[in-house]
Amino acid sequence: MLHFIDVILPIPLQKAFTYHITEAEAEFLSVGMRVAVPFGKSKIYTALVYSIHQNPPLAYDAKTIHQIIDDTPVIVASQLKHWEWIANYYMCSLGEVMRAAMPNAFMLESETMISKNEKTEILDSELKDEEYLIYEALSRQSSLKIQDVVSILDKKRVLPIINGLVKKGVVNLHEEIYEKYTPKLVRYVKLHHNHKSSEKLQELLEVLSRAPKQREVVLTLFTMEAALKKPIKVAELAEKSGASTSIIKALIDKSILEEYHLQMDRVQFEGEGDASAKRLSEVQQLAYDEVEAVFQEKPVALLYGVTSSGKTEIYVQLIQKQLDLGKQVLYLLPEIALTTQLVNRLQIYFGEKVAVFHSRYSGNERVEVWQNMLANSEKAQVVIGARSSLLLPFRNLGLIIVDEEHEQSYKQFDPAPRYHARDAAIVLANIFKAKTLLGSATPSLESYFNARQGKYGLVELKTRFNNVLMPDIELVDLADKYKRKRMKGHFSDRLIEEMTETLDEGFQIILFQNRRGFSPIIECTTCGTSPQCPNCDVSLTYHQYRDQLRCHYCGYNSAMLQTCQACGNATLDTKGFGTEQIEAEVKTLFPDKKVARMDLDTTRGKYGFEKIITGFEQREVDILVGTQMLTKGLDFRYVKLVGIMNADNLLNFPDFRAHERSYQLMAQVSGRAGRTDLRGKVLIQTYNPHHNILQQVSTNAYEAMFTEQMNERHNFKYPPIYRLIKITFKHKDYNRVNLAADWYATSLKQLFKTNVLGPEFPPVSRIRNLYHKNIIIKIPPQQSLARTKEAIIKIDNSFNAVKDFRSVRVVINVDNY
DNA sequence: AGCACGCCGACT
DNA sequence: GTCGGCGTGCTC
Ligand SMILES: [Zn+2]
Ligand SMILES: [Zn+2]
């Protein structure tokens, strides 16, 4: 009997790949283990066993696997089921989901290594110059990578030369697989066993009386050992005793101290966790009870709680309840909201049980979380994570909390899988028969709609915690202010008045400037041209901090130009105003106040964002100027004033969700203002003070906004009434994109008629030298989504059968909002 | 997606 | 001639 396995490879191909295995291997292997398999000409990839069977492939001979990597599976069945749902629903390959899910360190890849063939005797004269260079390099170094040869020879096509050497028997090639995950060893110290008894210790201290620093270290270690009764890290000792590591090293060298290593989890938290979580207020308790009641009947609850209503405390109680039941909880947050402050806060409650998972984590840290989860370790009972933590190996999930449920960053755009974490979370919870709690101060229309339809339970929390007052929101008519010359730069007199007052009272200010459309571009005042990106169809934006012009789409940058490239005049001027300009204006208006800016430029570093937030919380900054990132801060208790510099760009953004988003954004930003004894103030500058959304924001009329927007969605066939699938075509040849997109659209229209929109060029029609064109498919409520996708796949297959179209990249994005 | 292979323009 | 760019096709 022949044995085979089908494996998942981390590539965007729908096909299953079948490999031959021996009977013994078949016995040993189980689904979810990793195997190293040869793939393509020579490469070895890590694959995941998907199924084990005895059906030989008919059209080809299956290769044999290279080796088995695990002795137990690294994924679990429920997880695979969830991955399959994602691959199926979002129309991508299982391999792509796997690639997004697995830590890189799990996915070993081979590298071709060149080594000397010791068996053959080589005469230098037999070798050509380049061959000799390689040969000579190998006498200094036991093996070379292909890339090494490229740099040694300083040319790109090295394969023919290497192959020549292999033929001559000078070198051998082999594939090297390396384990990327190396357990980290931590240095510990203890008193050398010679000095363990107290008499010996006394002696030792006498001896060291003339080396006070060293004596201090020994004493500190002694007290630490006595007090903590656990291994002492070198780092801890150094810190406690105030001694440098060189002093400790000296002691180790003298055999007074003994050093040893223990393998440690990189990810670990101190502290026990405080079982007695804070008591809920009456209102919170009520909401908590309601959530529990909803969960009796429905799998999903939407907790609609205004900003600062204390949702987190309710979450904590819900998490505690699951832990008491012995179940895991996943707490999902937008990446940017996953700050150390929040993690610390949860650790206070749940201590070691908290595991954190996000993209800023290194590969090794991810592996540790993964392995803890596989083992269903105590350390992974509460998982706090961003989008990708949904793909982890949960064992016994009881509850998923999706905080800030309305956040668009829950939707992944590039690369595939283009999944929406909120929706995928609900599916994951269902697999475990667990519950999902969606939380937001400004629910997305689709979630609120689902709640209204009775699909989700709705729990409302309408008062702010400790009765913090809702801020007073004032709309400032920019047209009027300009007309009456009441503007200083981009600041209206009202804004300046309020700012002055707030600063005089010693409170803080947040100024919000939407990034979209406000990046400053350069324009020639003589001829009107503005420098364009050579690779994309956009104007370059000016970045003051490096005096550079940059492209937001491809990262192209050049030094700031002094003269216009078109007419040669030195009449280049910046147009539009970004956060940098606002910051500069604030500095002129309030020269003695401290201003900070938070945008993509200033939050670049690993903890850039947190640094700014912390600085602001500690009141080192009076005025913070920023983009939408600002909606994610935690507790800004000294903020009294929030200014929205220009609401119109938000509202006019060409997207069917622009109005909903504007409402959410402004409501969230406004939520930063005010505290217990102080009513916050929000000023919104706009040319359209009568715009419905602005009226709704200023009166907190979420319901009215919902009703009105839902009407629009009905009328214009948009989600949540209709569903959307966007198909994007990319190619560097303009005509080919047109032809391909037209062909595709024609095929689609035969089936879906007028529910196919486009093809149309997006606002930025060329990115990284590729032309883009979009088709939108609107799917009516009664039309089967699965059937629609099947039809698309069919069309896609025939599309790919056309030779001229094959080179056109097709990106299918399900629920592209 | 990678990655080979092969065709063709462009330099030493 | 040789080098490297890019288009095409395949991966069990
Ligand atoms: Zn000009
Ligand atoms: Zn660009």
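What's counted below: heavy atoms across the whole structure, side chains too, no hydrogens, waters or symmetry copies.
- In E760(A), the CD atom is not crowded: 12 or fewer heavy atoms of neighbouring residues, nucleotides or ligands sit closer than 6.0 Å.
- Residue pairs satisfying the side chain to side chain donor-acceptor pair (under 3.5 Å) criterion with at least one member in residues 800-813 of chain A, sequence neighbours excluded, are listed as follows: K411(A)-N813(A), H731(A)-S807(A), R736(A)-S807(A), D796(A)-N800(A).
- If you check dA4(B), dC7(B), dT11(C) against the side chain of R157(A), the one that comes closest is dC7(B).
- Atom CE of M107(A) and atom C1' of dA1(B) are 13 Å apart (whole Å).
- For the pair D733(A) CG and dC6(C) C1', the computed distance is 14 Å after rounding to whole Å.
- Straight-line distance from the CG atom of L2(A) to the P atom of dC12(C): 18 Å, rounded to whole Å.
- Among the atoms of the strands shown, base atoms are found under 4.0 Å from some heavy atom of P12(A).
- Comparing D61(A) and E130(A) by the nucleotide of DNA chain C that holds the closest heavy atom to each, the one mapping nearer the 5' end is E130(A).
- At the heavy-atom level, A16(A) lies under 4.0 Å from base atoms of the strands shown.
- Side-chain proximity of L13(A) to dG7(C), dC12(C), dA1(B): nearest is dA1(B).
- Within a 6.0 Å radius of CG in D61(A), other residues, nucleotides and ligands contribute 12 heavy atoms or fewer.
- OP1 and OP2 of dA4(B) both lie 4.0 Å or more from every side-chain N or O belonging to K41(A).
- Electrostatic pairing of E131(A) and K168(A) counts as a salt bridge here, judged by a charged N lying under 4.0 Å from a carboxylate O.
- A salt bridge does not link R422(A) to E407(A): none of the charged nitrogens lies less than 4.0 Å from a carboxylate oxygen.
- Distances shown here put a side-chain N or O of R809(A) below 4.0 Å from the OP1 or OP2 atom of dA1(B).
- The salt bridge (charged side-chain N to carboxylate O under 4.0 Å, His left out) check on K155(A) picks up E130(A), with sequence neighbours excluded.
- Taking atom CZ of R806(A) as the reference point, atom C1' of dC10(C) lies 11 Å away to the nearest angstrom.
- For Y19(A) and dC12(C), the shortest distance from a side-chain N or O to OP1 or OP2 is below 4.0 Å.
- The interatomic distance linking I162(A) (CD1) with dC3(B) (P) rounds to 14 Å, in whole Å.
- You'll find that the side chain of K156(A) is closest to dG5(C), out of dG5(C), dC3(C), dT11(C).
- Taking only side-chain atoms of K155(A), from C-beta outward, the nucleotide of dT8(C), dC3(B), dC3(C) with the closest atom is dC3(C).
- Residue F4(A) contributes atom CZ, which lies 14 Å from atom P of dC12(C) at whole-angstrom precision.
- The 5' end of DNA chain B is approached more closely, in terms of each residue's nearest nucleotide, by P10(A) than by the other of N163(A) and P10(A).
- An OP1 or OP2 oxygen of dC10(C) is reached within less than 4.0 angstrom by no side-chain nitrogen or oxygen of K15(A).
- A close approach under 4.0 Å does not occur between any side-chain nitrogen or oxygen of R99(A) and OP1 or OP2 of dA1(B).
- OP1 or OP2 of dT11(C) has not a single side-chain nitrogen or oxygen of K43(A) nearer than 4.0 Å.
- Going from atom CD1 of I8(A) over to atom C1' of dC12(C) covers 15 Å, rounded to whole Å.
- Taking atom OH of residue Y60(A) and atom C1' of nucleotide dC10(C), one finds them 13 Å apart after rounding to whole Å.
- Set against dG9(C), dT11(C), dG2(B), the side chain of Y45(A) has dG2(B) as its closest nucleotide.
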